[in-house]
Amino acid sequence: LYYQVLNFAMIVSSALMIWKGLIVITGSESPIVVVLSGSMEPAFHRGDLLFLTNFHDDPIRAGEIVVFKVEGRDIPIVHRVIKIHEKENGNIKFLTKGDNNEVDDRGLYIEGQNWLEKKDVVGRARGFLPYVGMVTIIMNDYPKFKVCI
C-alpha cells in the first residue's frame with residue numbers, strides 16, 4: 001500500500017511539474033484548453049484541444065485566434081480577432097467574433113466594454129488536436145460518467 005501511495009504521489013507531482021513548466025515555456029496561464037462550443041466551426045470543433053502561447057511582446061493581429069476571459073465569466077472563450085484599434089500611445093484594443101456566429105462578441109463583454117485588451121487574453125492558438133478534449137466535455141455534461149471512471 002505504501003508503494004502505491006508513493007507512486008500515485010509521484011504521478012500527481014510529475015503532472016503538476018509538467019503543467020507549471022508549460023506555463024513558464026508558453027507564457028500562458030492555461031497552455032492547453034478544450035473548445036467547448038461550436039462557435040468557431042469550421043476552424044475548430046467542439047472537443048478540439050488547443051495549444052496556446054501568450055508572449056506579451058508579440059503584438060495581437062487581426063485574424064488571430066485568441067482565448068480570452070471576460071470579467072464575471074469563469075470559462076475562457078475561443079474566438080478570432082476581427083478588428084484592431086491602436087491608439088497613438090501604442091495601446092492596442094481589439095474586437096473578437098466566433099467564426100460561426102452572426103455578430104461580434106460585444107454582447108459577451110461586460111456592460112459598457114466595446115473592446116478587449118491584452119490583459120484579457122489567456123493565450124493564442126498555435127496548434128490543436130481534433131476531438132481529444134471530448135473526454136472533458138463528456139465528464140462535464142454527464143457528471144455520473146466521472147463516477148464510473
Side-chain angles (χ1 to χ4, degrees), residues 4-85 92-149:
Q4 288 176 333
V5 171
L6 187 61
N7 279 338
F8 180 73
M10 287 178 58
I11 290 168
V12 170
S13 63
S14 294
L16 285 173
M17 286 190 293
I18 290 168
W19 184 254
K20 289 295 184 181
L22 283 173
I23 289 172
V24 170
I25 291 167
T26 63
S28 175
E29 67 185 63
S30 185
I32 300 171
V33 296
V34 175
V35 177
L36 298 176
S37 76
S39 66
M40 279 303 294
E41 289 179 4
F44 297 118
H45 297 274
R46 193 166 190 252
D48 288 355
L49 192 70
L50 299 182
F51 300 101
L52 310 178
T53 62
N54 195 23
F55 302 116
H56 291 285
D57 55 345
D58 194 10
I60 293 173
R61 294 180 178 89
E64 265 191 304
I65 296 169
V66 296
V67 178
F68 61 93
K69 280 189 176 178
V70 175
E71 196 176 312
R73 293 181 186 256
D74 296 333
I75 299 172
I77 299 168
V78 179
H79 281 175
R80 189 178 305 274
V81 175
I82 59 168
K83 287 184 185 175
I84 299 284
H85 181 67
I92 295 174
K93 295 185 177 189
F94 55 94
L95 179 64
T96 55
K97 177 185 170 294
D99 290 356
N100 201 22
N101 293 349
E102 295 291 322
V103 296
D104 64 43
D105 290 342
R106 287 190 170 129
L108 299 175
Y109 305 161
I110 60 172
E111 190 174 329
Q113 182 180 13
N114 291 320
W115 302 88
L116 293 175
E117 297 178 31
K118 207 158 189 168
K119 68 176 178 58
D120 301 314
V121 175
V122 173
R124 303 183 220 184
R126 298 297 185 208
F128 77 102
L129 287 173
Y131 304 110
V132 174
M134 283 307 288
V135 174
T136 303
I137 291 174
I138 290 168
M139 288 196 304
N140 283 336
D141 288 353
Y142 306 100
K144 292 179 183 175
F145 188 72
K146 286 182 192 177
V147 177
C148 295
I149 291 177

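As the structure is a computational prediction, the values presented were derived from the model and not from experiment. FYI, side chains are in, hydrogens and waters are out, and symmetry mates aren't considered; it's all heavy atoms of this structure.
Evaluation of the salt bridge (charged side-chain N to carboxylate O under 4.0 Å, His left out) rule for Arg73 yields no partner, not counting sequence neighbours. Remark: Lys97 engages no residue in a side chain to side chain donor-acceptor pair (under 3.5 Å) (not counting sequence neighbours). Taking Arg61 as the reference, Asp58, Pro59, Glu64 meet the side-chain contact (heavy atoms from CB on, under 4.5 Å) condition, with sequence neighbours excluded. Applying the salt bridge (charged side-chain N to carboxylate O under 4.0 Å, His left out) test to Glu29 and every residue at least two apart in sequence or in another chain returns Lys69. Residues passing the side chain to side chain donor-acceptor pair (under 3.5 Å) test with Asp120, sequence neighbours excluded: none. Every residue two or more places apart in sequence or in another chain that forms a salt bridge (charged side-chain N to carboxylate O under 4.0 Å, His left out) with Asp99 is listed here: Arg80. Partners of Val103 according to the side-chain contact (heavy atoms from CB on, under 4.5 Å) rule, which considers only residues two or more places apart in sequence or in another chain, do not exist here. Pro130 is linked by a side-chain contact (heavy atoms from CB on, under 4.5 Å) to Asp48, Phe128, counting only residues two or more places apart in sequence or in another chain. Listed by chain and residue number, nothing satisfies the side chain to side chain donor-acceptor pair (under 3.5 Å) test with Thr26 (two or more places apart in sequence, or in another chain). When the side chain to side chain donor-acceptor pair (under 3.5 Å) test is applied to Ser37, the partners found at least two apart in sequence or on another chain are Ser39. For Trp19, the ring pair (Phe, Tyr, Trp, His ring centres under 6.0 Å) test picks out no residue, with sequence neighbours left out. Residues passing the side-chain contact (heavy atoms from CB on, under 4.5 Å) test with Phe51, sequence neighbours excluded: Ile32, Leu49, Leu129.
With a 6.0 Å radius and a threshold of 12 heavy atoms from other residues, nucleotides or ligands, Leu6 has its CG atom above the threshold.
You'll find the side chain of Leu95 reaches within 4.5 Å of the side chain of Arg106, heavy atoms only. The closest side-chain heavy-atom distance from Lys118 to Ile60 is below 4.5 Å. Proximity of Gln4 to Asn7: side-chain heavy atoms (C-beta onward) are nowhere separated by under 4.5 Å. Asp104 places none of its side-chain heavy atoms less than 4.5 Å from the side chain of Lys83.
A distance of 6.5 Å separates CG in Asp105 from CD1 in Ile77, rounded to the nearest 0.5 Å. Between Asn54 atom CG and His56 atom NE2 the span is 5.0 Å, to the nearest 0.5 Å. A distance of 11.5 Å separates CZ in Arg46 from OH in Tyr131, rounded to the nearest 0.5 Å. Summarising the geometry, atom OH belonging to Tyr109 is positioned 3.5 Å from atom CG belonging to Leu116; distances are rounded to the nearest 0.5 Å. From Met17, atom CE reaches atom CE of Met10 across 8.5 Å, with rounding to the nearest 0.5 Å. For the atom pair Ile84 CD1 and Lys93 NZ, the distance stands at 13.0 Å (nearest 0.5 Å).
The shortest non-hydrogen separation linking Val34 to Gly133 is CG1-O, 3.7 Å. Contact detail for Pro76 and Val67: the closest heavy-atom pair is CB-CG1, 3.5 Å. Here the closest heavy-atom approach between residue Ser28 and residue Gly123 is recorded as OG-CA, 4.2 Å. Of all the heavy atoms in Ile82 and Ala62, the pair that sits closest is O-CB, 4.3 Å. Scanning all heavy atoms of the two residues, the minimum distance from Phe55 to Gly27 falls at CE2-N, 4.3 Å.
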